[in-house]
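Worksheet: one structure, shown below.
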Amino acid sequence: MLFLPDEKVIAQNTKKTFKTGPKIKQINVTPIAFTDPPVLNAAGLHAPYALRNIVEVITDDNISGISEMHGGIANTNALEAAKGLLIGKDPFQLNEIKRTLQTHFGKEEAQKRGDAAYWNNGQLSTVFGAVEVACLDIMGKITGRPVVDLLGGKMREQVPFAAYLFYKYEGAGGKLGFKTDNNAKGWAAVRQAKALDPAGIVAEAKGMCEEFGFKSIKLKGGVFEPQKEVDAMFALREAFGPDVPLRVDPNALWKVETGIKYGKMMDGLLEYLEDPVRSQENMAKVRKEIKTPLATNMCTTAFEHIPSSIALGSEDIILTDHHYWGGLKASMDVGRICEVFGRGISMHSNSHLGISLAAMVHLGGALPYLTTALDTHYPWQSEEVITGGRLKFEEGSVQVPQGPGLGVELDKKALALLHKNYLDSGLTKRDDAKEMQKVQPGWVFKNDRW
């Protein structure tokens, strides 16, 4: 027998109304600075402090969502400009929020990304990415669900990360600068030690892996002539054996012929070679001549780059970054594109604290298709801006937070201290070349050094 719905029930259901979301009443933007050791890269030398912006979005019913984005006065000013545009908006209406920001900031010129010492996507991507994370944090708190669920659901309980090694001068950074804390033990002592040769890199790797349990290792290259960095990779293989995946990132400092020569030398050694050369065209030339997979966070950095990436075959793995690609949901789209076109996907990192790490872990937990351990600078930092202290690594992985939203909360006292660091430091932007010139007068960045 077929039971039809009662006409009165139908009438009642059609009269139901649905509650709209809360409205944004306040946005706080706080620039901070935290201790960073004197590590080296293709762009020069890290300053004693790394800069970030902490964003807090508060609704009219006093629900707070937080996020963390790249520092520097330009990003701070862009966030400040966005504040007035978003007051009164519903944090659930991310499409409307993005359209509002796009009207203000305009369309980005994606082809210019990746051309400098270190790239920063346009203000629309970075600002919307920061606002989106804070809004997702709010949505999670309202619904009682973690952000990973808002991204489609949890695919893994723990998200793996790689040991991220740097060449570095001796020094603890911060107030100590190039000096060291003689009372430091374990990784805290290793983190301030000199590492300028293969032996130093191996010692750094052992200290980091012992502390955090990492199962794969990455070296930030582009600092010394290629053979020296290749020697460091072979030293790591000898020290850690064949079962630990290795990767190296020359940050596009090599010419095509250099990338081919040393790429062939490392065939069979690496999990992947990241950005050996600059531009999709040059990456494709190197890829055709070597067996090692190529990864990028420099030549394919926007959705507009995907068609030429596929046509040229410029890389095998895309390293997404929600701070640059326009948020967590956009990064989920990158993952889907990678799956469709046979690309691997992992994650890029910059100097960051626990809010960004939590967001990365939620994204890593939700990506259905995750091919390698993620990058993180987190071990290089010692301070924190979230309650309860620093997030924990177990066997190189971080458990996906289970609380509502991001699962982390802002420590207002710590925020005030790190904001004071920012004011006292006198730093208003990242300038690795300027810092390098303090050690090597006359040093200049070059797009391709070798």
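Scope of the values below: all heavy atoms of this structure, side chains included, with no hydrogens, waters or symmetry mates. Bear in mind the structure is a predicted one, so any value in this text is a computation, not a measurement.
Looking only at distances, a side-chain donor or acceptor of Thr100 sits under 3.5 Å from a matching main-chain atom of Glu96. For Gln123 (side chain) and Asn75 (main-chain N/O), no donor-acceptor pair under 3.5 Å exists by modelled atom type. Side-chain atoms of Ser308 come within 3.5 Å of backbone atoms of His305 as a donor-acceptor pair (strictly under, hydrogens ignored). Using modelled atom types, no side-chain atom of Thr301 and backbone atom of Asn297 make a donor-acceptor pair closer than 3.5 Å. The closest donor-acceptor contact from the side chain of His419 to the backbone of Pro31 lies under 3.5 Å. The backbone N or O of Ser309 lies less than 3.5 Å from no partner atom in the side chain of Thr300, so there is not a single donor-acceptor pair. Looking only at distances, a side-chain donor or acceptor of Trp187 sits under 3.5 Å from a matching main-chain atom of Pro379. Listed for the Lys220 side chain is no donor-acceptor partner under 3.5 Å among the backbone atoms of Val248. Judged by distance alone, the side chain of Ser314 and the main-chain N or O of Glu281 form no donor-acceptor pair under 3.5 Å. Put simply, the side chain of Asp137 gets close to the backbone of Leu406: a donor and an acceptor are under 3.5 Å apart.
A salt bridge links Lys412 with Glu56; the closest basic N to acidic carboxylate O contact falls under 4.0 Å. Under a 4.0 Å N-O distance rule, the pair Arg278/Asp448 does not qualify as a salt bridge. Here Arg430 pairs with Asp432 in a salt bridge; the nearest charged N to carboxylate O distance falls below 4.0 Å. A salt bridge links Lys218 with Asp375; the closest basic N to acidic carboxylate O contact falls under 4.0 Å.
Side-chain contact between Ser216 and Arg247 is present, with at least one heavy-atom pair separated by less than 4.5 Å. Residues Leu246 and Leu269 are in side-chain contact: their nearest non-hydrogen atoms beyond the backbone lie under 4.5 Å apart. Between Glu435 and His46 the shortest side-chain heavy-atom distance does not fall below 4.5 Å.
Between the side chains of Ser356 and His323, a donor-acceptor pair is found at a separation under 3.5 Å. A donor atom on one side chain and an acceptor atom on the other are found under 3.5 Å apart for Thr296 and Asp275. A donor-acceptor contact closer than 3.5 angstrom links the side chains of Asn28 and Gln26.
Pro198 and Ala235 make their closest contact through CB-CB, 4.0 Å (heavy atoms, listed as atom of the first residue, atom of the second, distance). Nearest heavy-atom pair across Phe240 and Cys209 is CE2-SG, 4.1 Å.
Remark: Lys83 NZ is packed, more than 12 non-hydrogen atoms of other residues, nucleotides or ligands lying under 6.0 Å away. The 12-atom threshold is exceeded at NZ of Lys255, counting heavy atoms of other residues, nucleotides or ligands nearer than 6.0 Å. Taking a 6.0 Å sphere around NZ of Lys429, one finds it holds 12 or fewer heavy atoms contributed by other residues, nucleotides or ligands. For Glu257, the CD atom counts as densely surrounded, since its 6.0 Å shell holds more than 12 non-hydrogen atoms of other residues, nucleotides or ligands.
With values rounded to the nearest 0.5 angstrom, Asp267 atom CG is found 11.0 Å from Glu289 atom CD. To the nearest 0.5 Å, atoms CG (Leu319) and OG (Ser346) are separated by 5.5 Å. Rounded to the nearest 0.5 Å, atoms OG1 (Thr428) and CG (Leu51) are 8.0 Å apart. To the nearest 0.5 Å, atom CG of residue Leu79 and atom OG1 of residue Thr76 are 6.5 Å apart. In this structure, OG1 on Thr292 lies 13.5 Å from CD on Glu274, to the nearest 0.5 angstrom. Atoms CG and CG, on Leu367 and Leu151 in that order, are 8.5 Å from each other to the nearest 0.5 Å.
Within the structure, salt bridge (Lys or Arg N to Asp or Glu O under 4.0 Å) pairs that include any residue of residues 327-354 comprise Glu315-Arg343, Arg336-Glu339 (at least two apart or interchain). Among residue pairs with one or both ends in residues 382-405, those qualifying as salt bridge (Lys or Arg N to Asp or Glu O under 4.0 Å) are Lys215-Glu395; sequence neighbours excluded. Each salt bridge (Lys or Arg N to Asp or Glu O under 4.0 Å) pair with one or both residues in residues 20-40, not counting sequence neighbours, would appear here, but there are none. The list of side chain to side chain donor-acceptor pair (under 3.5 Å) pairs with a residue in residues 227-246, not counting sequence neighbours, reads Gln227-Asp231.
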Please report the C-alpha distance between Ser382 and Thr35 in whole Å, then the side-chain angles of each, then the deciding distance to 0.1 Å, and finally whether the side-chain hydrogen bond (donor to acceptor under 3.5 Å, both in side chains) criterion is met. CA-CA 7 Å; Ser382 55; Thr35 300; 4.9 Å; no
Could you walk me through whether Leu45 and Tyr169 pass the side chain to side chain contact (heavy atoms under 4.5 Å, CB included) check? CA-CA 9 Å; Leu45 177 68; Tyr169 294 124; 3.8 Å; yes
Take Asp316 and Arg287 through the test side chain to side chain contact (heavy atoms under 4.5 Å, CB included) and record every step on the way to the result. CA-CA 9 Å; Asp316 303 274; Arg287 184 65 189 90; 2.6 Å; yes
Would you please test Leu86 and Ile97 for side chain to side chain contact (heavy atoms under 4.5 Å, CB included) and show each step? CA-CA 7 Å; Leu86 302 182; Ile97 287 173; 3.8 Å; yes
Worked verdict on Ile217 versus Val244 for side chain to side chain contact (heavy atoms under 4.5 Å, CB included): CA-CA 7 Å; Ile217 297 172; Val244 175; 4.0 Å; yes
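In this structure Ile63 satisfies the side chain to side chain contact (heavy atoms under 4.5 Å, CB included) test together with Thr59, Asp61, Ile138, Lys141, Ile142, sequence neighbours excluded. Every residue two or more places apart in sequence or in another chain was checked for a ring-ring contact (aromatic ring centres under 6.0 Å, His included) with His322, and none qualifies.
A centroid separation of 6.0 Å or more is found between the aromatic rings of Tyr49 and Phe34. For Trp380 and Tyr164, the gap between ring centers reaches or exceeds 6.0 Å. Taking the centre of each ring, Phe161 and Phe214 stay at or above the 6.0 Å mark.
With Ile345 as the fixed residue, the side chain to side chain contact (heavy atoms under 4.5 Å, CB included) test singles out one of Leu374, Ile317, Thr320: Thr320. Among His348, Gln381, His352, the one residue that satisfies the side chain to side chain donor-acceptor pair (under 3.5 Å) test with Thr376 is His352.
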